[in-house]
Visitor: 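First the structure, which I've put down as structure tokens, then a few questions once you've had a look.
We name chains A, B, ... by the order of the sequence lines, and we start the count at 1 in each one. Reckoned from all heavy atoms, side chains included, excluding hydrogens, waters and symmetry mates.
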Amino acid sequence: MIRKQGLAYSGGMADEMFKALADPTRRKILDELTERSGQTLFEICARLVNKHGISMSRQAISQHLAVLEDAGLVESRREGRQKFHTMNPAPLRHITERWIEPTEQESSP
Amino acid sequence: MRININSVFVDSQVKALDFYTNVLGFVKKHDVPLGEPGDENRWLTVVSPENPEGAELLLEPAGHPAVGPYREALVSDGIPATQFAVDDVRAEYERLQGLGVRFTQGPLEMGPVTTAVLDDTCGNLIQIIQEG
């Protein structure tokens with residue numbers, strides 16, 4: 001199963017993931033979502049400004065979230081009238097499988 | 001100049017008065033009929049019993065067509081309409097949850113402040129904050 005996911009994750013999706021991880025603000029967003037799963041945009045912005053001194057517009061943070069969602073690292077769901085964001089660490093397995101615990105030959109780019 | 005009114009748009013003034021008094025614990029200050037006889041809209045304000053002469057919160061009817069999309073967008077992103085000060089956010093969180101209040105953000109310590117965000121059941125999110 002894991003092997004299949006690894007294969008499915010090669011190519012473009014991996015590029016998206018590394019691109020998403022290349023930005024320090026996006027890594028902070030992942031840190032905060034790891035601390036508490038299921039946050040509104042408002043809470044994410046409040047955490048970034050109060051805990052990390054990152055004072056960006058909500059629109060800018062929203063765009064960072066979109067990049068993380070495209071990479072599969074963040075998922076959002078509607079609950080009632082709110083949109084809540086959670087971190088999905090599954091794509092990070094790609095890194096483990098590729099370099100830390102390679103199982104067989106992979107044809108990753 | 002002083003700030004004497006802060007307002008929130010509410011779906012129903014009757015329901016709002018119940019929530020803001022019986023659940024949150026404010027007290028009614030003004031209740032004045034508005035418009036034609038039969039018009040249900042009132043000039044309805046509440047104040048904190050800790051500061052009855054302080055700023056009033058106006059529970060304003062949400063009838064204007066612009067209110068719906070405006071509030072929907074804010075609520076979707078979890079953005080509160082206004083903020084109330086409390087002595088102990090965690091204690092209020094426990095108390096209000098016990099009364100069936102839904103929180104979109106549980107208590108969050110951020111340096112000198114702790115906040116939480118609740119649903120007022122009348123179409124708004126409200127942030128409670130404890131300083132120091």
Side-chain angles (χ1 to χ4, degrees), chain A residues 16 20-21 23-89, chain B residues 8-12 15-16 19 62 66-86 89-90 92-94 96-97 100-132:
Chain A
E16 295 293 312
L21 292 173
D23 182 273
T25 300
R26 290 198 284 269
R27 292 196 297 272
K28 286 285 178 222
I29 292 174
L30 295 180
D31 289 341
E32 292 305 320
L33 289 175
T34 303
E35 191 177 300
R36 175 151 76 200
S37 191
Q39 294 180 32
T40 62
L41 176 63
F42 177 77
E43 180 172 355
I44 295 167
C45 293
R47 282 169 176 261
L48 291 177
V49 69
N50 288 299
K51 293 174 71 177
H52 305 291
I54 299 170
S55 116
M56 286 187 189
S57 69
R58 289 197 181 115
Q59 226 172 348
I61 301 301
S62 194
Q63 279 162 6
H64 281 309
L65 282 168
V67 174
L68 289 165
E69 281 196 57
D70 288 344
L73 290 164
V74 165
E75 289 173 349
S76 64
R77 65 172 200 282
R78 284 217 157 255
E79 201 179 291
R81 296 159 65 218
Q82 276 78 50
K83 191 175 170 188
F84 289 96
H85 302 84
T86 52
M87 188 197 170
N88 175 24
Chain B
V8 286
F9 289 109
V10 296
D11 295 333
S12 150
K15 197 173 158 189
F19 183 86
V67 173
Y70 160 77
R71 280 200 309 180
E72 205 173 301
L74 294 184
V75 167
S76 175
D77 282 338
I79 300 170
T82 191
Q83 167 176 293
F84 303 134
V86 297
V89 163
R90 276 172 202 285
E92 280 294 330
Y93 175 74
E94 297 298 330
L96 293 170
Q97 273 210 320
V101 174
R102 191 176 75 92
F103 279 77
T104 61
Q105 180 209 297
L108 174 62
E109 269 177 53
M110 295 177 292
V113 301
T114 303
T115 64
V117 180
L118 62 93
D119 183 336
D120 79 349
T121 71
C122 304
N124 307 290
L125 299 178
I126 301 291
Q127 176 160 275
I128 54 173
I129 186 166
Q130 165 194 345
E131 291 179 83

Visitor: Does the side chain of B:Gln105 pick up a donor-acceptor pair with the side chain of B:Thr115 at under 3.5 Å?
Guide: yes
Visitor: I'd like to know if B:Arg90 and B:Glu109 make a salt bridge, using a cut-off of under 4.0 Å between side-chain N and carboxylate O.
Guide: yes
Visitor: Relative to chain B, which of A:Arg58, A:Arg78, A:Gln39 shows the most heavy atom pairs under 4.5 Å?
Guide: A:Arg58
Visitor: For B:Leu74, is it the side chain, the backbone, both, or neither that has a heavy atom closer than 4.5 Å to a heavy atom of chain A?
Guide: neither
Visitor: Salt bridge or not for A:Glu35 and A:Lys51, using N-O below 4.0 Å?
Guide: yes
Visitor: Salt-bridged, A:Arg81 to B:Asp77, with N to O below 4.0 Å?
Guide: no
Visitor: Could you tell me which residues satisfy salt bridge (Lys or Arg N to Asp or Glu O under 4.0 Å) with A:Glu79, sequence neighbours excluded, listed by chain and number?
Guide: A:Arg77
Visitor: So B:Leu118 and B:Ile128, do their side chains get closer than 4.5 Å, heavy atoms only?
Guide: yes
Visitor: Please tabulate, for the side chains in residues 63-71 of chain A, all donor-acceptor contacts under 3.5 angstrom to protein atoms that are two or more places apart in sequence or on a different chain.
Guide:
| from | atom 1 | to | atom 2 | distance (Å) |
| --- | --- | --- | --- | --- |
| A:His64 | ND1 | A:Arg26 | NH1 | 3.0 |
| A:Glu69 | OE1 | A:Ser76 | OG | 3.4 |

Visitor: Suppose we screen for side-chain hydrogen bond (donor to acceptor under 3.5 Å, both in side chains). Which residues come up paired with A:Glu75, at least two apart in sequence or across chains?
Guide: A:Asn88
Visitor: Using non-hydrogen atoms and a 4.5 Å limit, figure out which bit of B:Val117 sits close to chain A: side chain, backbone, both or neither.
Guide: side chain
Visitor: When heavy-atom pairs shorter than 4.5 Å are enumerated against chain A, which of B:Met110, B:Glu72, B:Arg102 gives the highest number?
Guide: B:Met110
Visitor: Do any of residues 41-49 of chain A come closer than 4.5 Å to chain B, heavy atom to heavy atom, and if so which ones, in number order?
Guide: A:Leu41, A:Phe42, A:Glu43, A:Ala46, A:Arg47
